Undergrad: 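Structure below; questions to follow.
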2 protein chains.
Amino acid sequence: MNVENGTGKRVTMATVGRMAGVSQVTVSRALSDPSKVSPETLRRIREAIELTGFVPNAIAGALASNRSNLVTALIPSLTNVVYSSFMAPFSETLRARGYQILLSETGFDPSEEEALISAHLSRRPDAMLLTGIQHTAATRRLLLGAAIPVVEVWDLSDSPVDLCVGFSHAEAGRAVADFALDLGHSCAASVTASDERAHRRRRAFADRFSARGGASVRDVDVGGPASIRAGRTALAGLIEGQGPTPRLVFCSSDLLAHGVMIEAQARGLSIPEDLAVIGFGDQDFAAELEPALTSVRVDRKRLGRLAAEALLARLAKSEVTHPVVDVGFEIVRRGTT
Amino acid sequence: MNVENGTGKRVTMATVGRMAGVSQVTVSRALSDPSKVSPETLRRIREAIELTGFVPNAIAGALASNRSNLVTALIPSLTNVVYSSFMAPFSETLRARGYQILLSETGFDPSEEEALISAHLSRRPDAMLLTGIQHTAATRRLLLGAAIPVVEVWDLSDSPVDLCVGFSHAEAGRAVADFALDLGHSCAASVTASDERAHRRRRAFADRFSARGGASVRDVDVGGPASIRAGRTALAGLIEGQGPTPRLVFCSSDLLAHGVMIEAQARGLSIPEDLAVIGFGDQDFAAELEPALTSVRVDRKRLGRLAAEALLARLAKSEVTHPVVDVGFEIVRRGTT
DNA sequence: TTGAAAGCGCTAACAT
DNA sequence: ATGTTAGCGCTTTCAA
C-alpha cells in the first residue's frame with residue numbers, strides 16, 4: 001500500500017481527487033484517457049499524484065473491468081537458455097502493449113504444470129503461454145473453462161488448445177538423419193536428456209537413419225537434465241560399452257554436445273575426422289567452440305515474438321487466420337561435421 | 001473467467017454455494033480453512049467445485065484482504081544464468097508458502113527499473129526483490145512509500161532499502177588479486193563486460209594488484225554483455241595491442257573466460273603455462289573445460305533461498321536480526337591457474 | 001467536462 | 001457451524 005506523506009493513510013484515487021478538487025472518477029479518467037479531462041483539471045490531478053506518490057491499484061482496476069493486463073507463462077526451466085531466450089522477446093512484445101508477465105517453471109512435469117495452471121488462472125490472466133503440447137486432461141479442461149487466448153509453443157500440434165507456434169521435433173530428427181547420411185555416415189549414436197521432446201527427435205532420427213540404410217542407432221539417455229558433465233559421461237559409455245564405436249553423435253542439446261566434444265578431445269579423438277558431433281538449439285557458444293559445433297537452429301526470438309503477436313491478435317478480437325504457425329528449423333553446418 | 005458448463009455464466013463462490021445449498025461465505029471458509037466447515041457441507045461444496053470447474057478469483061480476494069500473495073522480482077537479464085539461477089530457489093521457497101512470483105528484466109538500466117517498479121507496485125505485491133543496490137532516487141521513494149518488505153541481492157549495502165543478501169564485489173576483486181600475486185604473477189590484465197558491478201570488481205583487482213607490487217593492470221571493456229566471442233576478441237586485442245602481453249587474465253564472467261581460453265588455445269598458447277585465466281561466477285561448465293577454469297564461486301542457490309527467507313521473516317513480522325547478510329564467495333582453483 | 005451510483009468477487013467483522 | 005453486512009478501490013453506465 002502506498003502511504004500519504006507518512007501519515008499512514010492509503011492513497012487512492014479518492015485521495016488524489018480530494019486534493020485536486022475533483023471526484024474520484026475524474027482521476028480515473030485522467031489516467032485512462034487524459035483527453036476526456038480539461039487541461040486545467042489534468043494539471044491539478046497530476047500535481048496531486050506527484051505530491052502523494054499515488055500508484056494506481058491494478059487489483060481494484062482488474063476486478064472492476066474484468067481485465068487484468070496480465071499474461072502468464074509456464075516454461076520447463078528458467079535456467080535453460082533455450083526457454084528463457086524466447087521468453088525475453090515474448091515479454092518485450094507484450095509489455096510494449098501494457099501487459100505484464102507472470103512466469104513460473106514446471107520442471108518438465110505435467111502434473112506440476114496442472115497445479116501451476118490453477119494458480120495462474122486464479123489471477124485471471126488475459127492470456128497464457130504454455131511450453132509444449134502435452135498436458136493433462138484436467139489442464140485442458142481448466143484452460144477451456146477459462147476461455148482466454150492460449151498459445152502453446154516449442155512444438156506443433158494438430159489440435160492445439162487454441163494457438164500454437166513452434167516446429168516439428170520429429171521432422172528435426174529426420175532432417176538430422178538425412179544430413180548425416182548425406183555426409184556419408186553409417187554408424188551413429190544419440191545422447192539424449194530427459195525431455196519428452198528430445199526423445200521424439202531421437203526416435204525420428206534413429207528411425208530415419210536405419211530406414212535409409214544406416215546401422216542401428218545406439219542411444220544414451222543421460223537420465224536427467226543436459227549438462228557438459230552428462231555429455232562427457234555419455235560418450236565415455238558409448239566408447240567403453242558394448243557395440244561399435246559411433247563415428248557421429250547427435251545430441252539433444254548443445255550442452256551435451258559440448259561435453260561429448262570435450263571427452264572426445266580428452267581421449268585424443270579428432271573432430272570431425274574420428275568423431276562428428278551435432279548439437280541442438282544453436283546456443284551462442286556453439287559457433288565459438290573449436291571446432292565450431294554443427295547444430296539445429298530454431299529462431300527463438302522470432303518464436304517468442306510470434307507467440308506474443310498471436311495472443312495480441314486474439315485479444316484484439318481480430319481474425320486469427322493461422323492458429324498454428326510452424327517457425328521451422330535449420331541445420332547450421334560447422335566444423336564438427 | 002471460468003464458464004459454467006458452457007452456459008457462459010461466470011462461476012463464483014456464490015454459484016458454488018447455491019449449488020451446495022450454502023451461502024457464499026461458507027464456500028470461502030471451506031477453501032481457506034476447511035476445519036471451520038462441517039464435513040458434510042465440505043463434501044457438497046467440493047462436489048459443486050468439481051462440477052462447475054470453479055477457480056477462485058485471487059484478484060477479488062486480494063482486494064478484500066489487502067494481501068496479494070504476490071512477490072515481484074526485478075533482475076537484469078532472464079537469459080543470464082547468474083541471475084536466473086538464484087531466482088529458481090527464490091521462487092521455490094516462496095511458492096512453497098503460497099506466493100507467486102512476478103518477474104521482469106531491467107536490462108541493467110536503472111531508469112527502466114524505475115518504470116518497472118511502478119508497474120509492479122500497482123499489482124500491490126506483498127514483497128519485492130531487486131538485483132543490486134543502485135537505484136534512482138525516485139525508485140527509493142516509491143519503495144519506501146509502498147511500505148513492503150524489499151530485499152536487494154547480489155551486492156552488499158550499508159544502507160539497504162530494507163533487507164540485503166549478497167557479497168562484496170570489491171572484496172572479491174581484491175581476493176582475486178591476492179590469489180594471483182600469491183601464485184607469483186606480476187603481469188595481469190582484466191576483461192570486463194558492461195556491468196557496474198563487474199567494473200567494481202575490476203577496479204578493486206587492479207588497485208590491489210598494483211598496491212602489492214604487481215605491474216599496472218591493463219583492462220579491456222568489451223562494451224556490451226559477456227559472450228565467448230567478446231572474450232576471444234578481448235584477448236586478441238590484449239596480445240596484438242600496445243603494452244606487455246599479460247600472463248594472467250581476470251575475466252568478469254566465465255563466459256568471457258571461456259572465450260579467452262579458446263582464443264589462447266587457437267594461438268597456440270598453453271594454459272596455464274603461457275597464460276593463466278580466472279573467471280567469475282563458477283557456472284556449471286567452468287569445471288568441465290580443458291583445462292578446468294579457476295573461478296570465483298558465489299552460492300547462488302543459497303543466496304536465493306536466504307533472500308526468500310528474509311522476506312518471509314518480515315512478512316511474518318518476526319524480528320529480523322540481520323537485515324544485511326553476506327553470503328561471501330570462494331575462489332575455486334582449477335587447471336587454468 | 002464532470003459526477004453519482006452500482007457493482008466486480010471476494011474477506012473480515014459481527015451476528016446467530 | 002453458518003449467515004449477514006460492509007467494504008476493498010477501482011471501472012462502467014447513466015445523468016447532468
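Model, not experiment: these values are computed from the prediction. First the proteins, then the strands, lettered A, B, ... as listed; each starts at 1.
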Undergrad: Is it true that the side chains of Arg124(B) and Ser68(B) contain a donor and an acceptor less than 3.5 Å apart?
TA: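 Result is no, nothing qualifies.
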Undergrad: Need one value for Ser32(A): base, sugar-phosphate or nothing, where a base atom within 4.0 Å counts as base even if backbone is also close, heavy atoms only.
TA: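 Nothing, no heavy atom under 4.0 Å.
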Undergrad: Heavy atoms only, 4.0 Å cut-off, all strands: where does Val25(B) land among base, sugar-phosphate and nothing?
TA: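 Counting heavy atoms under 4.0 Å across all strands, the contact made by Val25(B) includes a base.
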Undergrad: Rounding to an integer number of Å, can you tell me how far Met13(A) CE sits from dA4(C) P?
TA: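 Rounded to whole Å, this separation is 16 Å.
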Undergrad: Specify the separation, in whole Å, of atom CZ of Arg44(A) and atom P of dT1(C).
TA: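 Atom CZ in Arg44(A) sits about 14 Å away from atom P in dT1(C).
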Undergrad: May I have the distance from Arg10(A) (atom CZ) to dG7(D) (atom P), rounded to whole angstrom?
TA: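 Distance, rounded to whole Å: 14 Å.
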Undergrad: Does the side chain of Ser38(B) get closer than 4.0 angstrom to OP1 or OP2 of dT2(D) through an N or O atom?
TA: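 Yes.
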Undergrad: Pick the closest DNA chain C nucleotide for Ala64(B) and for Lys36(A) by heavy atoms, then say which residue is nearer the 5' end.
TA: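 First, find each residue's nearest nucleotide; the 5'-ward one identifies Lys36(A).
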Undergrad: So, does Thr26(B) get its side chain near the phosphate of dG3(D), meaning an N or O under 4.0 Å from OP1 or OP2?
TA: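 Checking Thr26(B) against dG3(D): at least one side-chain N or O falls below 4.0 Å of OP1 or OP2.
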Undergrad: Just the rounded figure in Å: distance from C1' of dG9(D) to CD of Gln24(A).
TA: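 Going from CD in Gln24(A) over to C1' in dG9(D) covers 7 Å.
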Undergrad: May I ask you to evaluate whether Ser28(B) reaches the phosphate of dG9(C), defined as a side-chain N or O under 4.0 Å from OP1 or OP2?
TA: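 False: Ser28(B) side-chain N/O out of range (4.0 Å or more) of dG9(C) OP1/OP2.
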Undergrad: Just N and O in the side chain of Ser23(B): are any of them under 4.0 Å from OP1 or OP2 of dG3(D)?
TA: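 Result: yes.
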Undergrad: Does Thr41(A) have a side-chain nitrogen or oxygen under 4.0 Å from the phosphate oxygens OP1 or OP2 of dT2(C)?
TA: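 The answer is yes; a side-chain N or O of Thr41(A) sits under 4.0 Å from OP1 or OP2.
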Undergrad: Closest nucleotide of DNA chain D for Val37(B) versus for Leu63(B): which of these residues is on the 5' side?
TA: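 The answer here is Val37(B).
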Undergrad: Salt-bridged, Arg95(A) to Glu112(B), with N to O below 4.0 Å?
TA: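 A salt bridge links Arg95(A) with Glu112(B).
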Undergrad: Is the CG atom of Asp158(B) crowded by more than 12 outside heavy atoms at less than 6.0 Å?
TA: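 Atom CG in Asp158(B) is not packed in, count stays at 12 or less.
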Undergrad: Within the 4.5 Å heavy-atom criterion, are Thr131(B) and Leu74(B) side-chain neighbours or not?
TA: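 Heavy-atom side-chain distance check fails, nothing below 4.5 Å.
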Undergrad: Between the main-chain N or O of Val151(A) and the side-chain N or O of Asp162(A), is there a donor-acceptor pair closer than 3.5 Å?
TA: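 Checked: no pair found.
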Undergrad: Looking at dG9(D), does its base get a donor-acceptor pair with the side chain of Arg124(B) below 3.5 Å?
TA: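 In this structure, the two groups form no donor-acceptor pair.
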Undergrad: Checking all strands, does Arg29(A) fall into the base, sugar-phosphate, or nothing category for heavy-atom contacts under 4.0 angstrom?
TA: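 Result for Arg29(A) = base.
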